[in-house]
Amino acid sequence: QVVKVGDELTATVNGHVDTAFLGLIGINDLDVVRTASVRIGLTAVELVMVLDTTGSMRATPSGQSMTKLESMQDAALDMVDMLSDLDNGRGNIEIGLVPFATYVNVGADNIDANWIDSGADSPVHADNLAEGLNRFDLYEHMGFEWKGCVMARPAPHDVEDTRPRPGRPETLFVPLFHPDESDSRYRWFEEYPNNYADDANYSLGSELLNVGNPVKYGVPDSILTYVDGISNSVLSNILVECEDGDDVNLGSGQECSDGWAGSPLNPDNWDDITIHRDYDYYSDVDTEIGPGFSCEMSPILPLSTNFQTVRNNIRSLNASGSTNIAQGTVWGYHVLSPSAPFREGDRFSQSVQKVMIILSDGNNVVVARENHPGGSDFSAYGYMENRRLEGLPNNYDTTDIMDTMDERTLLACDNAKDEGIRIFTIRVSLEDQRSEDLLRACASAPEDYIDVPDSDRLDEAFRQITDRISQLYLTR
């Protein structure tokens, strides 16, 4: 007899067992009653959707009725509704979102989190700036607000769930600071995507150093002694040694006074600058010029049992920028992890099923630019000449960058799968071998890769995954 009470099944078995040796003393059979109770398998599920929100998601493919972004939103909303019905208010299913494009936005409200490099301690913080110069101070000085986007951490942490610790600055997350790019030589058009301040009137010896010259932002010339790579001969032509107590640089050069009061790192010593008028350079990037350039993606939503909040965040997604699946994947990993930066995830165990969906309509890409001082467009890895993309050859083109980003993506996927995270991948309206190879390899099993040539049919892919998640949820 099997009786169900709530979520518990109780089975009772009544029977007789013939005896052998006990018959010698007159006992020929025994009555047997056994009862066992089990709770119907309600394994907790933590799901993170890692969703491509690049500029190409704005497009409506030929023969389709809506943009790829709209199809994705509708399919994701249907999934939330189905999982909400399955959970039925128990709170055993949690959903998070990681929209990705050129960067991942961790949320501007995390500016004071202890995993953000607010003290300019990470080696990444000085890239295209100066050692100890604080990006948050520069944002405030120029009248910009940090929108929440972060740089990739130095390898191997860029693809790992290394716990961020202030005592290990390289594990902290550094705010995006897109450098001001070179002034145009022409009046009628801009040569670079993000020219928002006047260049200095001297050279530091290389075009990349010139792009990263902090003096453009109103910082005194003496900051150049904090910039790695400037020769002593160049410095001697710019800075004038002062005598005790005298400021022969008239506030713009090398100061004699010691301590924070006279330091070029102190914002009180900085001059105001004029920010250039806004302009559009890329057709698929609607963003104002400045240090937060191209940070237009919606912020991460940590794991939540509030399905209405999840729905609202899906509806508010927007599309802009280029593709960095590697950073989307590793942030999906962070969201599911029980450790910082997000702590909503349960510990890795058999009692919780951790699931990641990675959806993309494109390939990893940062475009190499032969005539650009940084060698490429700017991205979560900085410029390619900053050498933050691990494994990139010394001489590279766009294909080399894509190959290397794919390798970082696969490492992030493998690290997540090694922790027991099940990864589903969805390719949308794209037919090329590179994207298929990458997303197939990232998926946990061959059947966990789903190709969707027609974006209007994305709902079918999400429904397949929902059915599999339901099986995970109802089976221990």
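Checking Thr54 against Ser322 by side-chain atom types alone, no donor-acceptor pair falls below 3.5 Å. A donor atom on one side chain and an acceptor atom on the other are not found under 3.5 Å apart for Asn415 and Asp161. Side-chain polar atoms of Ser339 and Arg163 form no donor-acceptor pair below 3.5 angstrom.
Nearest heavy-atom pair across Leu392 and Arg387 is O-NH1, 3.7 Å. Asp180 and Ala197 get closest at one heavy-atom pair: OD1-N, 2.8 Å.
The list of disulfide bond (SG atoms under 2.5 Å apart) pairs with a residue in residues 320-377, not counting sequence neighbours, is empty. Applying the disulfide bond (SG atoms under 2.5 Å apart) test to pairs two or more places apart or on separate chains, those with a residue in residues 291-366 are Cys149-Cys295. For residues 439-448, the salt bridge (charged side-chain N to carboxylate O under 4.0 Å, His left out) pairs, not counting sequence neighbours, are Arg422-Asp448, Glu436-Arg440, Asp448-Arg468. A salt bridge (charged side-chain N to carboxylate O under 4.0 Å, His left out) check over residues 328-348, counting only residues at least two apart or in different chains, returns nothing.
Atom CG of Leu51 is separated from atom OG of Ser360 by 10.5 Å, given to the nearest 0.5 angstrom. In this structure, Lys216 NZ and Leu138 CG are separated by 11.5 Å, a value rounded to the nearest 0.5 Å.
At least one side-chain heavy atom of Trp331 sits under 4.5 Å from a side-chain heavy atom of Val150. Lys147 is not listed as a side-chain neighbour of Leu176, based on a closest heavy-atom distance of 4.5 Å or more. Looking only at side-chain heavy atoms (C-beta outward), Leu86 and Met82 stay at 4.5 Å or farther from each other. Contact check for Met151 versus Asp117: no side-chain heavy atoms found under the 4.5 Å cut-off. Residues Glu160 and Tyr333 are not in side-chain contact: their nearest non-hydrogen atoms beyond the backbone lie 4.5 Å or more apart. In this structure, Thr399 and Arg434 have side chains that are in contact, with non-hydrogen atoms separated by less than 4.5 Å.
Here Glu191 pairs with Ser184, Arg185, Tyr186, Phe189 under the side chain to side chain contact (heavy atoms under 4.5 Å, CB included) rule; sequence neighbours left out. Applying the side chain to side chain contact (heavy atoms under 4.5 Å, CB included) criterion to Ala130, with sequence neighbours excluded, gives Leu133, Pro214, Ile223, Tyr226, Val227. Listed by chain and residue number, Phe307, Arg311 satisfy the side chain to side chain contact (heavy atoms under 4.5 Å, CB included) test with Ser84 (two or more places apart in sequence, or in another chain). Considering only residues two or more places apart in sequence or on other chains, His372 meets the ring pair (Phe, Tyr, Trp, His ring centres under 6.0 Å) condition with Tyr192, Tyr383. Residues that satisfy the ring pair (Phe, Tyr, Trp, His ring centres under 6.0 Å) test with Tyr449, not counting sequence neighbours, are absent from this structure. Applying the ring pair (Phe, Tyr, Trp, His ring centres under 6.0 Å) rule to Phe177 yields the partners Tyr139, Tyr217; only residues at least two apart in sequence or on another chain are considered. Taking the side chain to side chain contact (heavy atoms under 4.5 Å, CB included) definition, one finds that Ser429 meets it with Pro61, Lys68, Ser455, sequence neighbours left out.
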Output side-chain donor-acceptor pairs under 3.5 Å for residues 297-304, partner residues at least two apart or in another chain, one line each.
{"from": "Ser304", "atom 1": "OG", "to": "Asn306", "atom 2": "N", "distance (Å)": "2.9"}

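Residue Asp158 is tested with Arg153, Arg408, Arg388 for a salt bridge (Lys or Arg N to Asp or Glu O under 4.0 Å); the sole match is Arg408. Among the candidates Phe293, Tyr103, Tyr196, Phe144, the single residue satisfying the ring-ring contact (aromatic ring centres under 6.0 Å, His included) test with His178 is Phe293.
No donor-acceptor pair closer than 3.5 Å links the side chain of Asp121 to the backbone N or O of Pro169. At distances below 3.5 Å, not a single donor-acceptor pair connects side-chain atoms of Asn105 with backbone N or O atoms of Glu296.
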